[in-house]
2 protein chains.
Amino acid sequence: MSSARAARGTQGVGPGEERTRPVTSGAVDGAETVAPRGIPDATVARLPVYLRALVNLAERGTRTCSSEDLAGAAGVNSSKLRKDLSYLGSYGTRGVGYDVEYLRYQIAREIGVTQDLAVAIIGIGNLGHALANYAGFSSRGFRIVALLDNDPDRLGEEVGAMRIRGLDELETVVAEEGVSIGVLATPAAAAQAVSDRLVAAGVTSILNFAPTLVSVPAGVDVRKVDLSIELQILAYHEHRKAAGDGSSDVHPSTRTTVGV
Amino acid sequence: MSSARAARGTQGVGPGEERTRPVTSGAVDGAETVAPRGIPDATVARLPVYLRALVNLAERGTRTCSSEDLAGAAGVNSSKLRKDLSYLGSYGTRGVGYDVEYLRYQIAREIGVTQDLAVAIIGIGNLGHALANYAGFSSRGFRIVALLDNDPDRLGEEVGAMRIRGLDELETVVAEEGVSIGVLATPAAAAQAVSDRLVAAGVTSILNFAPTLVSVPAGVDVRKVDLSIELQILAYHEHRKAAGDGSSDVHPSTRTTVGV
DNA sequence: CCCTGTGAAATCCTTCACAGCC
DNA sequence: GGCTGTGAAGGATTTCACAGGG
């Protein structure tokens, strides 16, 4: 961490994260304490996928499933699934499979969504509206407790069942509601400042939709969701596919946009 | 839907993708053709990040930068950056650094965003609106050519500078505009059917915002963006942090929501 | 010297293959 | 016999450390 910002937490996106050590052991002395915990990041990122697949199975009345079934429903192969689950413990029955309801509970517990976490959304533009109205949050272990925006025109507007509050209430809301996750849906220019205030107020996890990096102190996790980056990753594969055929380049519209 | 679909393309999300081989060599015969191309997926996923960082640097008047500078602006460490760039070629100058404009062009070319790709958005609810209005697309190598929805109430509505068209026009639009990327912003229940139609119409890349898996034939790439999965990944780390201190569990609200 | 580009080492992740239990 | 759980093998990615050119 030489140049640029000092400490920084996670900036999760796609592969190539930047996580803090997998917590190999706690002790620094000679004694080998061999901490049993320490689920690999790749596995952590898939647990929510398994959880959703299990909920779907449960909803459709399935009581039991094999690793093959669940893997199919989650879009991974079964060895990966079994290896992932093995980090949590032995929750299956050899020769039989997994009890859907039981495994679902165990994964939810491991992720920590058995009790709702309070979420605040900052920046209620188009995207903020979409996030605020997304029913998935409330049913998946999260409770949206505040919608904040600094545009006076939007103040008081009702979105879903909530009223938009001023950005100046940020610190109050975080403290009173015990917000642990902040969702940044502001323009890029505002993101760092809002992030700093969230962190100062005690928020330790941020989901960043703004198309910019935000720097946070160590101990705070940031995950980034970036629409145009996702599209560009697709574009790369798209243009490799096109390169395979005869044509030297894609469609009829030879504009040189490069402005990216 | 037990063992689920046969062939499937990519279902990119976070770490743990499921990419097709790194294209080691093209020939199947004995002759070693040693294809020089074949950029690792992890690198491909970071190129757009570097590209954005370079654009920011250029906008602020920077003509030249070191790997350390660029790495800082992109949120990675400098060895990773240099290794990544080494897959594209030698575009820097030893002892000096990189020419911002030149490197920007090279990366844009490698990604394939020097010419606009046509994008169609399907499902113009809250999220679709947000995506349609997102200015970033148009300036980053993409051209939104259609907004489709099957709700008759929304038909004809103006969003940004575009009119919402009926889902029945999907095939026409894809053919006429040469759509290569489809963005799925429909409810989960509709996603698979729309995806099938996109693929049948010739679309080979899909960005899926619907909270469900979509299966596509080999050769089609799918990337998935899932809000509640991102939140759950944060929740995991959040609850591990809380476990570190004295308390046995988090905030005052002992509800057992498990319904995820 | 400074900084890039890159082999080689270290780490992390996935897949294989089978022992072990129902 | 079927299916989980897991060591061990195999890949992929990251980091190190330094050779090599301005």
Side-chain angles (χ1 to χ4, degrees), chain A residues 1-3 10-25 36 38-47 49-50 64-72 74-100 102-103 106, chain B residues 2-3 10-24 36 38-47 49-50 64-72 74-100 102-103 106:
Chain A
M1 231 157 281
S2 43
S3 74
T10 317
Q11 201 79 225
V13 169
E17 311 270 301
E18 202 167 306
R19 294 258 64 253
T20 50
R21 212 102 329 166
V23 193
T24 321
S25 93
I39 299 181
D41 286 341
T43 296
V44 169
R46 282 187 296 264
L47 292 180
V49 178
Y50 302 152
T64 246
C65 69
S66 68
S67 65
E68 198 70 45
D69 296 335
L70 182 52
V76 302
N77 67 36
S78 61
S79 351
K80 199 187 285 185
L81 174 86
R82 290 201 303 279
K83 176 64 86 178
D84 283 342
L85 294 184
S86 78
Y87 292 113
L88 315 194
S90 290
Y91 297 134
T93 312
R94 290 167 195 235
V96 180
Y98 302 93
D99 181 281
V100 170
Y102 180 61
L103 184 58
Q106 293 300 342
Chain B
S2 53
S3 319
T10 317
Q11 201 81 224
V13 169
E17 310 269 303
E18 201 166 307
R19 295 254 67 256
T20 51
R21 214 109 314 174
V23 193
T24 320
I39 299 181
D41 287 341
T43 296
V44 169
R46 282 186 298 263
L47 291 180
V49 178
Y50 303 152
T64 245
C65 68
S66 69
S67 67
E68 198 70 43
D69 296 335
L70 182 53
V76 302
N77 66 35
S78 61
S79 356
K80 199 187 284 185
L81 173 85
R82 289 201 304 279
K83 177 64 90 179
D84 283 343
L85 294 185
S86 78
Y87 292 115
L88 314 195
S90 291
Y91 296 132
T93 311
R94 290 170 197 233
V96 180
Y98 302 93
D99 180 280
V100 170
Y102 180 60
L103 184 58
Q106 292 301 341

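Residue numbers begin at 1 in each chain, while the letters A, B, ... track the order of the sequences. Values reported hereafter were calculated over all heavy atoms of this structure, with side chains retained and with hydrogens, waters and symmetry mates removed.
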Can you tell me if [X] touches the phosphate of [N], counting only side-chain N or O atoms and a distance under 4.0 Å to OP1 or OP2?
| X | N | result |
| --- | --- | --- |
| Ser67(B) | dT4(C) | yes |
| Tyr98(A) | dG5(D) | yes |
| Asn77(A) | dT14(C) | no |

Look at the side chain of [X] and decide which nucleotide, out of [options], has an atom nearest to it.
| X | options | value |
| --- | --- | --- |
| Pro40(A) | dG5(D), dC13(C), dT4(D) | dC13(C) |
| Ser86(B) | dG5(D), dT14(C), dT6(C) | dT6(C) |
| Ser79(A) | dC16(C), dT4(C), dG7(D) | dC16(C) |
| Ser90(A) | dG5(C), dT13(D), dG5(D) | dG5(D) |
| Arg82(B) | dT6(D), dT14(D), dC18(D) | dC18(D) |

Spacing between [X] atom [atom1] and [N] atom [atom2], to the nearest angstrom:
| X | N | atom1 | atom2 | value |
| --- | --- | --- | --- | --- |
| Gln106(A) | dG5(D) | CD | P | 12 Å |
| Leu88(A) | dT4(D) | CG | P | 15 Å |
| Tyr87(A) | dC12(C) | OH | P | 11 Å |

As an exercise, state the distance from [atom1] of [X] to [atom2] of [Y], rounded to the nearest 0.5 Å.
| X | Y | atom1 | atom2 | result |
| --- | --- | --- | --- | --- |
| Leu81(B) | Tyr98(B) | CG | OH | 5.5 Å |
| Gln106(B) | Ser90(B) | CD | OG | 11.0 Å |
| Leu47(A) | Asp84(A) | CG | CG | 6.5 Å |

Residue met sooner reading DNA chain C from 5', once Asp84(A) and Gly95(B) are mapped to nucleotides
Gly95(B)
Assess whether one donor atom and one acceptor atom, taken from the side chain of Arg94(A) and the base of dG5(D), lie less than 3.5 Å apart.
no
Given side-chain contact (heavy atoms from CB on, under 4.5 Å), test Val49(A) with Val76(A) step by step and report yes or no.
CA-CA 10 Å; Val49(A) 178; Val76(A) 302; 5.8 Å; no
